[in-house]
Amino acid sequence: MVFTRRNLDWWCERGILVLVLAALVFAPLAFGAVYVWTFLVLQMLAVGVGVLWLVRIWGGHKPKMLWPPLGLAVVAFVLYAVGRYFTADIEYVARQELIRVLVYAFLFLAVVSNLYGQEEAEAVTYTLTAVAAFASSYALAQFLHHSNHVWNLISPYVGRASGTYINPDHFAGFLELVLPLPLAFLMAGRIGVVTRVLLAYATLTIMGGLAVTLSRGGWVAAAAGILMLLGFLLCHKNHRLRAILLLLVLLGVGGVFTAHFLSNSIGFKRRIVDPDKTEAAVLDATSRIEMWTSAVQMWRDHPWWGVGPGHYDNRFREYRPEGFQERPEHAHNDYLELLADWGAVGGVIVLAGIGIFVFGLIKTWPHVRREENDFGFGMSSRYAFFLGAVSGLFALAVHSLVDFNLHVAANDLTGVVLLGLVASNLRFSSKRYWLRARWPVQCALTVVAGGMMAYLASQAWRRAGNALWTARAEMRPAYSMEQADALQKAVACEPADYLAVYNIGECFRTQSLDGGDNYAELAQTALKYYLQDIRLNPCDAYSQLRAGMCLDWLGRHVEAEKHFMAAERLDPNGNYIVANIGWHFVQVGDYAAARQWFIRANKLGRWKNEIAKSYIYEICQPKLMDRASGRLPLQMFYNGKDN
């Protein structure tokens, strides 16, 4: 074969497709790519896509770019994310969020400009369908065998299947996003008989996998996506009868499956029939409302710019309701979390992007329908992909009202690829969206894309070293010097990792509590790391708390009280913080104040604080009675009832 620029262009295009498909396969099967190492793989695949794209721009045959209006919204949000990163309170958290934005934005633009053909859309459809069917088969096996094993890990969601994810709700988010694709190709795709049969089996498997997740939000979102798909089909006379039959079949199969199989399971009864609010990993409606209320309050306090990229979890303690003592991680509503993290400016950019996307769909619709109408029976794979992708994206948008699927890398990646493929259909409506890549454009793209890839690669290297030593630290004895040594190496790779710094302090503090000859030196070292953590993460109440405990242990009670009060300002309704402030007053001998703090800790949350109860009845109350009576108290002089 003679090597030409046209051949080079073709091979680069195939290489980009292979890398994107590899990411679409890897992410859902690797726990949804929610762990550090899994996202690093996606990050490096994105770098590989960028390298091939640049080679294609410089060495390809007549290089050009497709630039739909949605690309302007994507670039605007990237620029805003960069600016917001430099003003964020917690640099490390903001940087990780910025990296996610860069990866997704870059992949979106790469997909739009390189994978806009029908062949690529079908390859993505069949790949996602195969992955979803495989993961759903795994989920059905989990459910039938009452197993919560996910590869080599354990899911905390007993009685529910999570497939290749840890969280069943996030797995449902992936399935609801993919399910309309094979359905659309079955109903309107121009495919062969064998392909149609395989897609039918895959569709039933995906529906079964979705059912055994027992995700109520996933069920509602999937139903919304299917109804949108059926609504599109009902608008066309050639598909109307098929759509009605499909709806009847889905209702019948779903009813039989639920009545004779799903309803007899313990998980269904525990989660759907009579929800068990005491079960681990269960969030009831009250908890979600409390998290949403906190997000709204964050936005009200920081209306324009938000609390910072990815800062919701770190700032939540400041806004914690009295009855919610868990760590939320996310707001369980992607739209409210968007406002809380990015403020009105970020919200307006995203809203503008949604508006541009919907306007693009309206402009694309006549051209997609015209292609579909050219066939006598109304069969068109382009039309089928358009309907399936739009319906899947709509389902994910619905589910995001009650969960945080947009913070799960596999679901994000799938959504971004589908979004890019749908947006590329605007090329049918006008030629003005094509941009010829002449040398000024080539130079600009090389500078921007090259710089971005170099940044992503260097950050991946740093994060990989940090993650490696953090993983090794977890295998060392808890709070040992060996663990502290591994964590120090993790911090050497990533000095801004405040959590590793905090855990080093925990190691030294725990060793100091053993009371050896060098206890003061160990406590002072622990204090140094806690103060470093406070500089890295000024929102962390626990580092303030531990710093105060170290100072109490060293006998510096006046200095300690400042840190305890700072911890209380950062987490005023945290029962653990409040209980340990009571502990501080025990150390200084103010048992009356300590008792009041312990009583308050007992009133926070749904369960009593056992530390507070023991201190009240075993230390504070006897000491106060001793001071009042002038003699040692007898057990009969006080009772064990809460007051």
Side-chain angles (χ1 to χ4, degrees), residues 89-90 93 277-278 280-303 306-308 310-333 336-337 339-341 404 498-499 502 506 530 533-534 537-549 552 560-587 590 592-616 620 642-643:
D89 294 330
I90 310 173
V93 172
K277 296 183 176 61
T278 64
V282 169
L283 277 177
D284 56 16
T286 302
S287 298
R288 278 188 163 84
I289 291 173
E290 289 174 335
M291 290 185 288
W292 298 346
T293 303
S294 298
V296 171
Q297 190 58 50
M298 289 183 199
W299 177 49
R300 287 178 176 175
D301 290 347
H302 306 83
V307 295
H311 280 45
Y312 172 84
D313 186 45
N314 289 276
R315 296 296 298 270
F316 176 80
R317 294 186 179 96
E318 183 182 346
Y319 297 87
R320 182 200 302 275
E322 290 187 355
F324 192 95
Q325 296 300 317
E326 295 81 9
R327 178 181 176 180
E329 295 189 27
H330 295 282
H332 287 73
N333 182 308
L336 291 179
E337 188 166 349
L339 287 175
D341 283 352
F404 55 98
Y498 60 88
L499 185 58
Y502 173 84
E506 287 288 88
Y530 291 133
D533 180 33
I534 292 170
N537 181 7
C539 304
D540 188 7
Y542 284 87
S543 56
Q544 296 280 4
L545 178 71
R546 295 308 193 196
M549 295 177 78
D552 271 338
E561 186 165 342
K562 297 178 182 178
H563 287 284
F564 281 104
M565 293 303 102
E568 196 268 339
R569 287 194 300 271
L570 292 171
D571 193 0
N573 290 326
N575 63 7
Y576 185 78
I577 297 292
V578 173
N580 277 280
I581 294 176
W583 175 89
H584 161 70
F585 283 104
V586 169
Q587 307 308 306
D590 191 344
R595 183 173 180 274
Q596 295 305 312
W597 283 101
F598 288 133
I599 290 174
R600 171 165 164 72
N602 256 341
K603 293 179 179 178
L604 293 172
R606 297 181 176 89
W607 297 278
K608 298 293 183 183
N609 188 302
E610 295 300 324
I611 298 176
K613 286 181 64 176
S614 63
Y615 267 87
I616 289 174
C620 295
D642 192 6
N643 47 15

Colleague: Could you work out, with ring-ring contact (aromatic ring centres under 6.0 Å, His included) as the rule, every residue matching Y542, not counting sequence neighbours?
Modeller: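 Counting only residues at least two positions away or on another chain, Y542 forms a ring-ring contact (aromatic ring centres under 6.0 Å, His included) with Y576.
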Colleague: Working to the nearest 0.5 Å, report the span between CG of N333 and CG of L339.
Modeller: 9.0 Å
Colleague: Taking side chain to side chain donor-acceptor pair (under 3.5 Å) as the test, write out the residues that go with E329, two or more places apart.
Modeller: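 In terms of side chain to side chain donor-acceptor pair (under 3.5 Å), with neighbours along the sequence ignored, E329 is linked to no residue.
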Colleague: Quick one: ring-ring contact (aromatic ring centres under 6.0 Å, His included) partners of Y530, sequence neighbours excluded?
Modeller: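 Counting only residues at least two positions away or on another chain, Y530 forms a ring-ring contact (aromatic ring centres under 6.0 Å, His included) with Y502.
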Colleague: Is L336 close to V296 at the side-chain level, that is, under 4.5 Å between some pair of heavy atoms?
Modeller: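 V296 reaches L336 side chain to side chain.
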Colleague: Kindly give the heavy-atom pair with the smallest separation between D552 and A560, and that separation in Å.
Modeller: OD1-CB, 3.4 Å
Colleague: Determine whether a donor-acceptor pair (N or O, by modelled atom type, separation under 3.5 Å) exists between the side chain of H332 and the backbone of H330.
Modeller: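 Yes; at least one donor-acceptor contact below 3.5 Å.
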Colleague: Does atom CH2 (W583) have a neighbourhood of more than 12 heavy atoms from anything else shown, all under 6.0 Å?
Modeller: yes
Colleague: Who passes salt bridge (Lys or Arg N to Asp or Glu O under 4.0 Å) against D313, sequence neighbours left out?
Modeller: R327
Colleague: If you compare all heavy atoms of E322 against all heavy atoms of Q325, which two are closest, and at what distance to 0.1 Å?
Modeller: O-NE2, 3.1 Å
Colleague: Kindly indicate whether the side chain of N537, heavy atoms from C-beta on, has any atom under 4.5 Å from the side chain of S543.
Modeller: no
Colleague: Check side-chain contact (heavy atoms from CB on, under 4.5 Å) between Q596 and all other residues, then give those that pass, not counting sequence neighbours.
Modeller: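 side-chain contact (heavy atoms from CB on, under 4.5 Å) list for Q596, sorted by chain: I599.
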Colleague: When rounded to the nearest 0.5 angstrom, what is the spacing between SG in C620 and CH2 in W597?
Modeller: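 These two atoms lie 13.5 Å from each other.
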Colleague: Testing T293, N573, D301 one by one against Y319 for a side-chain contact (heavy atoms from CB on, under 4.5 Å), which residue passes?
Modeller: D301
Colleague: Tell me every residue that passes side chain to side chain donor-acceptor pair (under 3.5 Å) with R317, counting only those two or more places apart in sequence or in another chain.
Modeller: none
Colleague: Going by the rule salt bridge (Lys or Arg N to Asp or Glu O under 4.0 Å), which residues pair with D571 if we only count those two or more places apart in sequence or in a different chain?
Modeller: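 Once residues adjacent in sequence are excluded, the partners of D571 under the salt bridge (Lys or Arg N to Asp or Glu O under 4.0 Å) criterion are R320.
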Colleague: Do you know which two heavy atoms are closest between V586 and A594, and how far apart they sit?
Modeller: CG2-CB, 3.7 Å
Colleague: Over all heavy atoms of both residues, which pair between A541 and L570 is shortest? Give the atoms and the distance, please.
Modeller: CB-CB, 3.7 Å
Colleague: Please report the shortest heavy-atom distance between I90 and P538, naming the atom on each side.
Modeller: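 Closest heavy-atom pair between I90 and P538: CG1-CD, 4.4 Å.
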Colleague: Please enumerate all residues that pass ring-ring contact (aromatic ring centres under 6.0 Å, His included) together with H302, with sequence neighbours excluded.
Modeller: none
Colleague: Output the distance between atom CD (E568) and atom CG (L545), rounded to the nearest 0.5 Å.
Modeller: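 So the CD of E568 and the CG of L545 are separated by 11.5 Å.
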Colleague: What residues, two or more places apart in sequence or in another chain, satisfy ring-ring contact (aromatic ring centres under 6.0 Å, His included) together with F564?
Modeller: H584
Colleague: Could you grab the distance from atom CE of M291 to atom CZ of R288, nearest 0.5 Å is fine?
Modeller: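 Rounded to the nearest 0.5 Å, the CE-CZ separation comes to 6.0 Å.
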Colleague: As an exercise, state the distance from CD of E326 to OG of S287, rounded to the nearest 0.5 Å.
Modeller: 6.0 Å
Colleague: Within this structure, what is the CE-CG distance for the pair M298 and D341, rounded to the nearest 0.5 Å?
Modeller: 8.0 Å
Colleague: Holding to side-chain contact (heavy atoms from CB on, under 4.5 Å), I want the full list of residues that pass it with A331, two or more places apart in sequence or in another chain.
Modeller: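 For A331, the residues satisfying side-chain contact (heavy atoms from CB on, under 4.5 Å) (neighbours in sequence not counted) are A295, Y312, E337.
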Colleague: Do the non-hydrogen side-chain atoms of I581 and M565 ever get within less than 4.5 Å of each other?
Modeller: yes
Colleague: Just jot down the salt bridge (Lys or Arg N to Asp or Glu O under 4.0 Å) partners of D89, sequence neighbours excluded, or say none.
Modeller: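 D89 satisfies salt bridge (Lys or Arg N to Asp or Glu O under 4.0 Å) with R315 only.
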Colleague: H563: what forms a side chain to side chain donor-acceptor pair (under 3.5 Å) with it, not counting sequence neighbours?
Modeller: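 So H563 forms a side chain to side chain donor-acceptor pair (under 3.5 Å) with Q544.
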Colleague: Taking all non-hydrogen atoms of both residues into account, name the closest pair between S294 and F316 and its distance.
Modeller: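 Of all heavy-atom pairs spanning S294 and F316, the closest is OG-CE1, 3.4 Å.
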